[in-house]
Amino acid sequence: MINYKKNEFKKTFLVILMAVIFVAGGTVIYWWQVSHRLEQDVHVILDAAGKEVAWNVNRVLSTQQRILTTLAVSLKDDPVLENMQALASYLNDQNGHSSLALTGYQFPDGKTVFSNGKQQNFFLTTQMVDFIKENNYVIVYQNTPSLADEQKNLLLATTVWNKKQPWGIVFALQPIASYQEALSHLVLTDVSLSLVIDPQGNVIVSYPAASESNMFKVINSSIPHKHFPKEELFRNIKQGKKGIFSYFFDGKQRFLSYYPIGYNGWYAVAILPAASVAKDIKSMVVMSLVLCLAIISALGLLLMFILHMERKNEKALYQLGFVDSLTGNDNLNAFRLKFPSRIAAFKAQQKSVAMVLINLNHFKALNTMYGFEQGDQILVQITTILKQYVEPNELCCRSGADRFLLLMHCPSREELASRLELLISRLEKSCQIGQEPLLLAITCGIYLVEDEIPFYIMFDRAKLALDTAKQHAGSRYAFYDTEYLQKIVTEKRIESSMETALEEHQFKVYFQPKYSFQTGDLVGAEALVRWIDPVKGMIRPDWFIPVFEDNGFILKLDHYIWQKVISFLKNRQDRGLCTVPVGVNFSRLHLNDPQFIESIATAAQDAGVDSKWLEVELTESVVFGNAERMQQALDGLHAKGFSVAMDDFGAGYSSLNVLKNLDFDCVKLDKEFLARGETNPRMRQVISGLIKMIKKLGSKIVAEGVETKEQAAFLRSIGCDIAQGFLYSRPLPLEEFEKKLDEKNPQN
Ligand code: C2E
Ligand code: CA
Ligand code: CA
């Protein structure tokens, strides 16, 4: 929706990505560690299994070897060897004390005596006898069906080296089954098959009983695990090394641990199903998976929580920053944020746009009259109408208390104006207070978006345009113009330099002479201020007087001029030169000052200038504002001896009725008034009638702005007393005016 939101999303996404990478990386490292450990564990378990089987078997065999060798030592040159029967019972006795099952003794002549009393010739072949004599102690796996109950036996044999008889062989026959016990009692109960094999893989003994007689055959017909090549197994066994091996048999993985038992190159073998070895692995895997899942889900939950909170905060922030709390619509921030993209969209379609600032006039008064709640209601109603009114790609918001800002398509000034007229009249009529329709007054300022300038400047320009519209009573909208801007700038400049200008005496008094229509004599003057700026030159009062009236500086300036005029009069007086009464303009603002009259009177008195030389000019608009107050002022001024002129009569809403109740000494006809009358015969009659009546009231009449001889002739003909205008003289600087005065009375 908005750029910054996109950025937020990107940020969150990055955080999630990083967290996932972190967790994944952690998991991989952990997994690697665990699997490495597990692999080691498997080796340890398998090694232990093989070793245990080997040790068990070795323990039994070595015990039996010890017993048999001890027996051999005890038989050596024993007289029992001379009596067959005694020998048999001696052997039988010995068996009773040991784990040996059946023992026997074979003489060099082949005669063999068994512990069970049986006798036989050449139980051991001469070949076997030689082999035993050669190796001292042997263990041989063999079938001896004729003798033993068990078909499969281990023959344990050793040589008895006598002195009387050269040698004999003592031997034991141990049933294979008796070794199964050594294979069955294992601490490692997971061993599924334990066996003893010879280096060719032949099974010597197994627990439980193996179905196959050769283990290598089984291995050859199985699929070895890819990490355990068969060749290695065979090689190791050949070299008497221990090892582990894994293969698949019947689709199931098995582990096999082989360990030399130390007899005949035989091997103890422990076979474990992968499931049992991997039991730990499995639980580890499950545990680590659970752990990972737990971490990931905790992280996920955390992230979701963070996202949720963020979204919530964002929403709250958005509400706070971008939503107008009263109307629920966009506020200025939101408008501003959306503004560039909308402008770009219009631009792309080569459409012009305008920024329109709508103002509800006198909204404060409405608030006071109807209460704030009703006031708010009005604002909500306006918002609703505006939202319905703007096109989908246009914008609207409340930009201030009673102001609304719009971005509108502007095909041309005229089209926009007519669209706005419609909107304004709709807005003005469609609001209600309760059931009562409420008539609003609305003014708009329009800025046509042309240049690429910052938003706030555009907004400012719309504001300036609105100010213009407000200043021109009756106009409901105004466009922003550079001319207007110029004016504002000038005003600002004036304001910033006026104080210095006064201190530096840049304000000068000019004097415009007044002449008698009857005699043509110089009979008076009007003091008019001029601002002589050291850089810009002369600035006319029309430029700065309205500004000074706005900011109150006029009060100071008028007193300054008054003072200058007094100085002038005093100077003339001191030099014994002639003079004329001088009119000084005073702004209506002075009438609010209770000290006004006293202070101007004091100034004159202090200088010792007679008040008869001073005339106060007040404009007509003051008079109509408050006739009673005006009369008080007139009385006050008269009491101090000043004469008073009504300035600009006929410029506004002049009324003879009011004039007749006020005793002005002089009435100055406005120059505009004259300009209108001169050409129109009916107006001429009105003017001459008016002048007659004013004269009847006892006031002198001054005609201002007399520019032509025709005007002068007409004014003289209708009985005007005094003329002031360019025809006679322009306002003059002091020195020039003094020259005129001196000409009037050359002898002085
Ligand atoms: P205003 O009091 O009506 O002064 C007469 C204005 O008419 C003067 O303009 C004068 O130069 C001008 N004028 C005189 N004869 C003619 C003519 O034949 N044709 C035309 N077109 N104009 C003529 P200015 O001096 O520019 O003053 C303008 C206004 O500024 C004055 O109008 C007065 O209202 C105000 N003003 C001037 N000086 C002061 C001042 O010291 N204090 C105050 N409060 N206002 C002043
Ligand atoms: Ca005047
Ligand atoms: Ca005037």
Side-chain angles (χ1 to χ4, degrees), residues 494 498 501-502 505-515 524-532 537-568 581-593 596 600 603 614-623 642-652 654 664-678 700-712 714-715 720 722-734 736-737:
I494 288 172
M498 61 192 187
L502 189 67
H505 305 286
Q506 290 173 15
F507 293 105
K508 302 278 178 211
V509 187
Y510 274 47
F511 295 84
Q512 187 174 31
K514 297 176 190 169
Y515 293 89
E526 180 177 2
L528 293 161
V529 68
R530 294 289 179 267
W531 183 350
I532 316 289
M538 186 194 285
I539 307 171
R540 293 189 42 96
D542 294 336
W543 276 86
F544 58 86
I545 296 286
V547 182
F548 292 172
E549 284 200 317
D550 264 0
N551 62 27
F553 186 70
I554 193 71
L555 296 172
K556 259 191 193 175
L557 184 66
D558 283 350
H559 282 294
Y560 177 83
I561 298 296
W562 180 255
Q563 199 60 55
K564 288 280 166 201
V565 170
I566 289 173
S567 305
F568 162 76
V582 181
V584 177
N585 293 287
F586 278 97
S587 161
R588 63 194 134 159
L589 293 181
H590 292 285
L591 294 187
N592 298 325
D593 174 14
F596 167 57
I600 60 168
L614 288 157
E615 188 176 38
V616 173
E617 290 195 13
L618 294 168
T619 51
E620 175 216 54
S621 59
V622 188
V623 183
F642 301 118
S643 59
V644 188
M646 181 200 251
D647 206 355
D648 301 339
F649 184 81
S654 316
F664 277 102
D665 306 277
C666 173
V667 172
K668 296 184 81 177
L669 294 183
D670 190 68
K671 47 185 180 284
E672 294 303 316
F673 183 65
L674 258 189
R676 273 182 280 154
E678 184 206 20
K700 274 195 177 151
I701 296 175
V702 178
E704 273 190 328
V706 186
E707 291 180 352
T708 61
K709 286 191 173 137
E710 291 74 23
Q711 280 176 335
F714 167 64
L715 289 163
C720 243
I722 295 163
Q724 182 185 341
F726 295 166
L727 181 65
Y728 301 93
S729 170
R730 290 187 170 265
L732 304 169
L734 188 131
E736 284 181 45
F737 178 58

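In listed order, ligands and their atoms are each counted from 1.
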Handout entry: Heavy-atom side-chain proximity of R588 to L618 below 4.5 angstrom
Key = no

Handout entry: Any N/O pair G725/ligand 1 closer than 3.5 Å
Key = no

Practice task
Please write down residue, atom name and distance for the protein heavy atom closest to atom 35 (C) of ligand 1.
Solution key: I545 CG1, 4.3 Å

Handout entry: Pairwise side-chain contact, M498 with N551, heavy-atom cut-off 4.5 Å (strictly under)
Key = yes

Exercise for the section: Answer side chain, backbone, both or neither: which part of I561 comes under 4.0 Å from ligand 1, heavy atoms only. Expected result: side chain

Problem - Residue and atom name of the nearest protein heavy atom (relative to atom 18 (O) of ligand 1), distance in Å to one decimal - result: F726 N, 2.8 Å

Problem - Nearest-0.5 Å distance that lies between atom CG in D670 and atom CG in D647 - result: 8.0 Å

Completion exercise
Of Q724, E526, E704, the one forming a side chain to side chain donor-acceptor pair (under 3.5 Å) with Q512 is Q724

Practice task
Mind checking how many protein N/O/S atoms fall short of 3.0 Å from the Ca ion (ligand 2)?
Solution key: 4

Practice task
Apply the test side-chain contact (heavy atoms from CB on, under 4.5 Å) to residues D665 and F642: give CA-CA distance (whole Å), side-chain angles for both, the deciding distance (0.1 Å), then the verdict.
Solution key: CA-CA 9 Å; D665 306 277; F642 301 118; over 6 Å; no

Practice task
Give the residue and atom name of whichever protein heavy atom lies nearest to atom 28 (C) of ligand 1, and the separation in Å to one decimal.
Solution key: D542 OD1, 3.5 Å

Problem - Residue portion contacting ligand 1 (non-hydrogen atoms closer than 4.0 Å) for V706 - result: backbone

Practice task
Examine Q724 against ligand 1 and note whether any of their N/O atoms are separated by less than 3.5 Å.
Solution key: no

Problem - Plane angle bin for W531 and F507 - parallel if under 30°, tilted between 30 and 60°, otherwise perpendicular - result: tilted

Problem - Region of T619 engaging ligand 1 - heavy atom pairs below 4.0 Å - result: neither

Completion exercise
d(R530 CZ, I561 CD1) to nearest 0.5 Å is 10.0 Å

Practice task
Flag the pair W562 / L614 as yes when at least one side-chain heavy-atom distance between them is below 4.5 Å, and no otherwise.
Solution key: yes

Handout entry: Sub-4.0 Å heavy-atom approach of R530 to ligand 1
Key = yes

Practice task
If the plane angle is over 60° it's perpendicular, under 30° parallel, otherwise tilted; pick one for F568 and F511.
Solution key: tilted

Handout entry: Minimum-distance protein heavy atom relative to atom 20 (C) of ligand 1
Key = E707 OE2, 3.1 Å

Exercise for the section: Report the nearest protein non-hydrogen atom to atom 26 (O) of ligand 1: residue, atom name, distance rounded to 0.1 Å. Expected result: R540 NH2, 2.6 Å

Practice task
State if R730 counts as touching ligand 1 under the rule of any non-hydrogen atom under 4.0 Å.
Solution key: no

Practice task
Please write down residue, atom name and distance for the protein heavy atom closest to atom 6 (C) of ligand 1.
Solution key: K671 NZ, 3.6 Å

Completion exercise
Applying side chain to side chain contact (heavy atoms under 4.5 Å, CB included) to S729 and not counting sequence neighbours gives P513, Y515, L732, K740

Handout entry: Within-4.5 Å side-chain heavy-atom neighbours: N585 and L528
Key = yes

Exercise for the section: Classify the contact between D670 and ligand 1 as side chain, backbone, both or neither, using a heavy-atom distance cut-off of under 4.0 Å. Expected result: neither

Problem - Side chains of I545 and V529 in contact at under 4.5 Å (non-hydrogen atoms) - result: yes

Handout entry: Atoms of ligand 1, numbered as shown, that sit under 4.0 Å from any heavy atom of S587
Key = 44 (N)

Handout entry: Heavy-atom nearest neighbour of atom 42 (N) of ligand 1 within options L589, L618, D558
Key = D558

Handout entry: Side chain to side chain, D558 and L589, heavy atoms closer than 4.5 Å
Key = no

Exercise for the section: Flag the pair F596 / L555 as yes when at least one side-chain heavy-atom distance between them is below 4.5 Å, and no otherwise. Expected result: no

Practice task
Pick, from Q512, H559, E549, E704, the option with the minimum heavy-atom distance to atom 14 (C) of ligand 1.
Solution key: Q512

Practice task
Check ligand 1 against V529 and write out every atom of the ligand that is under 4.0 Å from a heavy-atom position of the residue.
Solution key: 38 (N), 39 (C), 40 (C), 41 (O)

Exercise for the section: Please say whether L528 places an N or O atom under 3.5 Å from an N or O atom belonging to ligand 1. Expected result: no

Exercise for the section: Look at atom 27 (O) of ligand 1 and say which protein heavy atom is nearest, naming residue and atom and giving the distance to 0.1 Å. Expected result: P541 CG, 3.5 Å

Practice task
Measure the acute angle between the ring planes of F586 and H590, then classify it against the limits of 30° and 60° as parallel, tilted or perpendicular.
Solution key: perpendicular

Exercise for the section: For atom 3 (O) of ligand 1, grab the closest protein heavy atom and report residue, atom and distance to one decimal in Å. Expected result: D648 OD1, 3.3 Å

Handout entry: Salt bridge present between K514 and E615 (N-O < 4.0 angstrom)
Key = yes

